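What follows is one structure encoded as C-alpha cells, with my remarks underneath.
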Amino acid sequence: MKSDSIKLGAQNAPHRALYHALGMTEEEIRRPMVGIVSSYNEIVPGHMNLDKIVEAARLGVAMAGGTPVVFPAIAVCDGIAMGHQGMKYSLVTRDLIADSTEAMTLAHGFDALVMIPNCDKNVPGLLMAAARLNVPTVFVSGGPMLAGHVNGGKTSFSSISEAVGQFNAGKISEEKLREYECKTCPTCGSCSGMYTANSMNCLCEALGMALRGNGTIPAVYSRRIELAKHAGMAVMELVKQNIRPQDIMTRDAFYNALTVDMALGCSTNSMLHLPAIAHECGIEINLDIANSISEKTPNLCHLAPAGRTYMEELDEAGGVYAVMNELCKKDLLHTACITVTGKTIGENIAGCVNLDPSVIRPIDDPFSETGGIAVLRGNLAPDGGVVKRSAVAPEMLVHEGPARVFECEEDAQAAINAGKIQPGDVVVIRYEGPKGGPGMREMLNPTSAIMGMGLGSSVALITDGRFSGATRGACIGHVSPEAASGGGIGVVKEGDRIRIDIPGNRLDLLVDEAELEERMKHFIPKTKELSGYLKRYAALVSSGASGATLS
C-alpha cells in the first residue's frame, strides 16, 4: 500500500504518534487509508446534503476494511455567483480544487479516494485531480434537486431566471415573480435540469468513474445514501484489483463520454471540462473530435432547459445506463472500457432498458439525428465556438443580423433590460473569456432576459465567455481566440452583419476580407488591472478552445 511508506517501521514512529493523536487504533493504522474528499458547505444548495453522503461513504469504506479520512474541497454556487464579480471566481475554482486535492493526497499518502462533489466545478476539478494522482478512486455526487412546481407545471432554475425577464417586460406581476422565487428550487441538490452539474455527474457514469445512478438519483432519495455506501465499498475493491483512474479514463472512455454528452444534450460547459480532464490523462480531446462524434450521435433527451423533462424523470426512465444501452443498438459506444465496478461498460449496461420513450427517445426515433452540442468555426471563431444545438429554436438554427456590441456582461444586461435589443439583433459580449474576464463568466442573466422578454426566437448572443447549463436559445460561447488574446470578436463593430449557421457549423462576420485584415492589423486588445488569484490565473490560462487549462 502507498501509505505503508509512512506507516511501517521504526523510522515512521513519529507518523504513527500523530495517527494516535487523531484517535486511530492500531487496526485502523494498518488498513488502507482512504481519503474522503468532501465538498460539503452551507452556501451551495447542491452541497448542503453532502455531510450525509460523506458519512455513508465513510461507512462503506469501513465496512469493506478501509480507514476513511475526510478532508475538504471548496465549492462556489454558480447561481449565487451569477451576474456579478463573483462569477469570475467560478471556473477558476476548478484548478484550485484539483491542486488542493493533489496537495492533501500526496502530503498524507492516501491509498485511495472517494470523491464527493456535486456542483459545476467540483466534479471536473476532482476528476482532474483523480487523473493526476492516479490512485484508486470512485465518485459519488450529492444528486439532483427535485423540480419545482408553478402554475401546475414543473420548474427549474432557468424558470426563475427567465421570470425576471418576464417581469422586466411587464409580462408577469411582482407577486408571480415572488411565487417563482419561492417554488422554483424546492429541495437540496444540483439544479433539476440538464445543467452543468448534472451533465458532469452523468458523464462520470459514462466515463466509468461512478456507479449507476450517480447522475440521476435525486438528492433527497434514500437511494442516494445507499449509493454512497456502495461507492465506499467499491473503492476498496478497486484497491484490491489495483484499478486506477488512468486505467478507466482512456481515450475510448472519453469518446464514450462525448457520445453520451451528445445524446443527453448536456451543458456546453462539458466542452471545457472534458478536454481539461483528458489533458490530465495525457489525452487530447479537441473541438473537432466533438463535432465528429456529434455528427453521428442522435440526440435522445430534451431535459430542461431544452425541454419539459427533469432529472427525476430521467432517473425513472432508466438513467444514464438506459441512454447508453440505446446508443449501443447502433454500436456507438466502446463497451470494453473498464469501470469502477471492476466490470466493463458493456457488462454494466446489459439489461438496462429504456422505461419511458417519452423521456429517452428510442435510437430509431431521436429528437434529432445529430448530437445536442455543435462546434462552429469561421472568421469570427477560427478556433471554434460552442452552442447547445438541442436548445435552439428551429427558426434560429440559421440567423443573420446586425451586431450589438458590448465590452462586458453588465453593459449588455443593461441594454436588454432597457429594451434596446430588437428582433433580429446579434448581441456580442466580449472581454469575458478565460484571460479577458478573467474567469470566463457564465451569461445566464442576459440569455434568460432575452428569453423572458420573448426574444428567444429572434435574437442571438455570442461571447468569448460561456453559458450556464440553464441557458437556452441561439447562444454561442467559448468564441476563440478571445478578444483579450487578439481574436476577431474584438474587432466587431456596432451594426456589422453576423451570420450564424448551426447546421453548417459556421460563425462568420460578414465584413470584406480586406477590411477585416485592416482591422486586425491595428487591433490592440484592452487590458484590465488585476490582483490576487485572478491576476495569476489570467497569466497562466489557455484558450477556451483547449479547455481553459493552466499551463
Side-chain angles (χ1 to χ4, degrees), residues 45-46 49-50 52-53 56 116-119 123 138-149 153-158 184-231 257 260-261 263-267 270 299-327 339-341 345 348-362 367 372 390 469-470:
N49 65 318
L50 293 191
K52 307 295 189 299
I53 305 299
I116 304 181
N118 208 27
C119 290
V123 186
V138 175
F139 275 68
V140 55
S141 78
M145 185 183 290
L146 293 178
H149 293 267
K154 290 187 175 182
T155 62
S156 59
F157 187 67
S158 55
T184 290
C185 300
T187 72
C188 63
S190 47
C191 298
S192 57
M194 188 55 78
Y195 308 152
T196 305
N198 291 327
S199 294
M200 294 308 301
N201 284 322
C202 287
L203 295 182
C204 283
E205 293 187 54
L207 274 172
M209 288 297 294
L211 303 177
R212 182 184 183 184
N214 179 71
T216 60
I217 297 172
V220 295
Y221 285 12
S222 295
R223 284 168 53 213
R224 177 64 53 179
I225 302 297
E226 295 176 18
L227 181 72
K229 291 176 183 175
H230 283 130
V260 174
D261 186 333
L264 286 172
C266 288
S267 164
S270 64
N299 177 224
L300 304 182
C301 299
H302 267 190
L303 293 137
R308 297 182 179 276
T309 51
Y310 297 82
M311 296 305 295
E312 61 209 66
E313 289 155 312
L314 178 60
D315 186 62
E316 291 164 6
V320 176
Y321 277 18
V323 174
M324 295 174 76
N325 212 353
E326 287 290 339
L327 293 169
T339 74
V340 293
T341 65
I345 286 287
N348 285 348
I349 67 175
C352 297
V353 298
N354 180 0
L355 301 175
D356 189 344
S358 70
V359 176
I360 304 171
R361 287 282 188 90
F367 283 103
S390 59

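Along the sequence shown, residues are numbered consecutively beginning with 1. Keep in mind the model is a prediction, meaning the values are calculated, not measured. In what follows, every heavy atom counts, from backbone to side chain, and hydrogens, waters and symmetry copies are set aside.
- A distance-only check finds a donor-acceptor pair linking the side chain of Asn118 to the backbone of Gly46 [under 3.5 Å].
- Side-chain atoms of Thr196 and Ser270, non-hydrogen and from C-beta on, never get closer than 4.5 Å to each other.
- A donor-acceptor pair is defined here as one N or O able to donate and one able to accept, closer than 3.5 Å; no such pair exists between the side chain of Tyr195 and the backbone of Pro305.
- The two residues Tyr310 and Leu303 come nearest to each other via the heavy atoms O-CD2, 3.4 Å.
- Annotation: the span from His230 atom NE2 to Asn214 atom CG amounts to 14.0 Å, rounded to 0.5 Å.
- Of the possible donor and acceptor atoms, one in the side chain of Asn201 sits under 3.5 Å from a partner among the backbone N and O of Ala197.
- Between the Ser141 side chain and the Pro117 main chain, no donor and acceptor come within less than 3.5 Å of each other.
- The closest donor-acceptor contact from the side chain of Glu313 to the backbone of Val359 lies at 3.5 Å or more, if one exists at all.
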Exercise. Would Ile360 and Glu326 satisfy side-chain contact (heavy atoms from CB on, under 4.5 Å), going step by step from the backbone distance to the final call?
Worked result: CA-CA 9 Å; Ile360 304 171; Glu326 287 290 339; 4.3 Å; yes

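- Here the closest heavy-atom approach between residue Ala210 and residue Tyr321 is recorded as O-OH, 4.3 Å.
- Nearest heavy-atom pair, Ala317 versus Asp356, reported as atom, atom and distance to 0.1 Å: CB-CB, 3.7 Å.
- Separating the NZ atom in Lys229 from the CG atom in Leu227 is a distance of 11.5 Å, to the nearest 0.5 Å.
- For Ser199 and Ser267, the side-chain atoms include no donor-acceptor pair closer than 3.5 Å.
- Within the 4.5 Å cutoff, no side-chain heavy atoms of Leu207 are placed close to those of Val260.
- Heavy atoms only, all atoms of each residue included: Ala257 and Leu203 are closest at O-CD2, 3.4 Å.
- For the residue pair Thr341 and Arg212, no side-chain donor N or O sits within less than 3.5 Å of a side-chain acceptor on the partner.
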Problem set entry | Verdict with supporting geometry, Met311 and Met194, side-chain contact (heavy atoms from CB on, under 4.5 Å) | CA-CA 7 Å; Met311 296 305 295; Met194 188 55 78; 3.9 Å; yes

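- Note that the CD1 atom of Ile349 and the CG atom of Asn325 stand 5.0 Å from one another [nearest 0.5 Å].
- Separating the CD1 atom in Ile225 from the NZ atom in Lys52 is a distance of 8.0 Å, to the nearest 0.5 Å.
- Put simply, the side chain of Ser190 gets close to the backbone of Gly143: a donor and an acceptor are under 3.5 Å apart.
- Of all non-hydrogen atoms in Thr216 and Glu205, the two that sit nearest each other are N-OE2, 4.3 Å.
- A side-chain donor-acceptor contact under 3.5 Å links Asn299 to the backbone of Cys301.
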For this session: Assess whether side-chain contact (heavy atoms from CB on, under 4.5 Å) is satisfied between Leu300 and Leu264, documenting all intermediate values.
Result: CA-CA 6 Å; Leu300 304 182; Leu264 286 172; over 6 Å; no

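- Looking at heavy atoms from C-beta onward, Ser390 lies out of side-chain contact with Phe367 at the 4.5 angstrom threshold.
- The side chain to side chain contact (heavy atoms under 4.5 Å, CB included) check on Asn49 picks up Ile53, Cys188, Ala219, with sequence neighbours excluded.
- At distances below 3.5 Å, at least one donor-acceptor pair connects side-chain atoms of Asn198 with backbone N or O atoms of Cys191.
- For the pair Cys185/Met145, a side-chain contact is recorded, criterion being any heavy-atom separation below 4.5 Å from C-beta on.
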Problem set entry | Working for side-chain contact (heavy atoms from CB on, under 4.5 Å), residues His149 and Thr155 | CA-CA 6 Å; His149 293 267; Thr155 62; 5.9 Å; no

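- Of all non-hydrogen atoms in Ala147 and Pro186, the two that sit nearest each other are O-CG, 3.4 Å.
- Using a 4.5 Å heavy-atom threshold, the side chains of Arg224 and Pro144 count as touching.
- Formation of a donor-acceptor pair under 3.5 Å by the Glu312 side chain with backbone atoms of Pro218 is not found in this model.
- Interatomic distance, CD1 of Ile217 versus CD of Glu226, reported as 8.0 Å (0.5 Å rounding).
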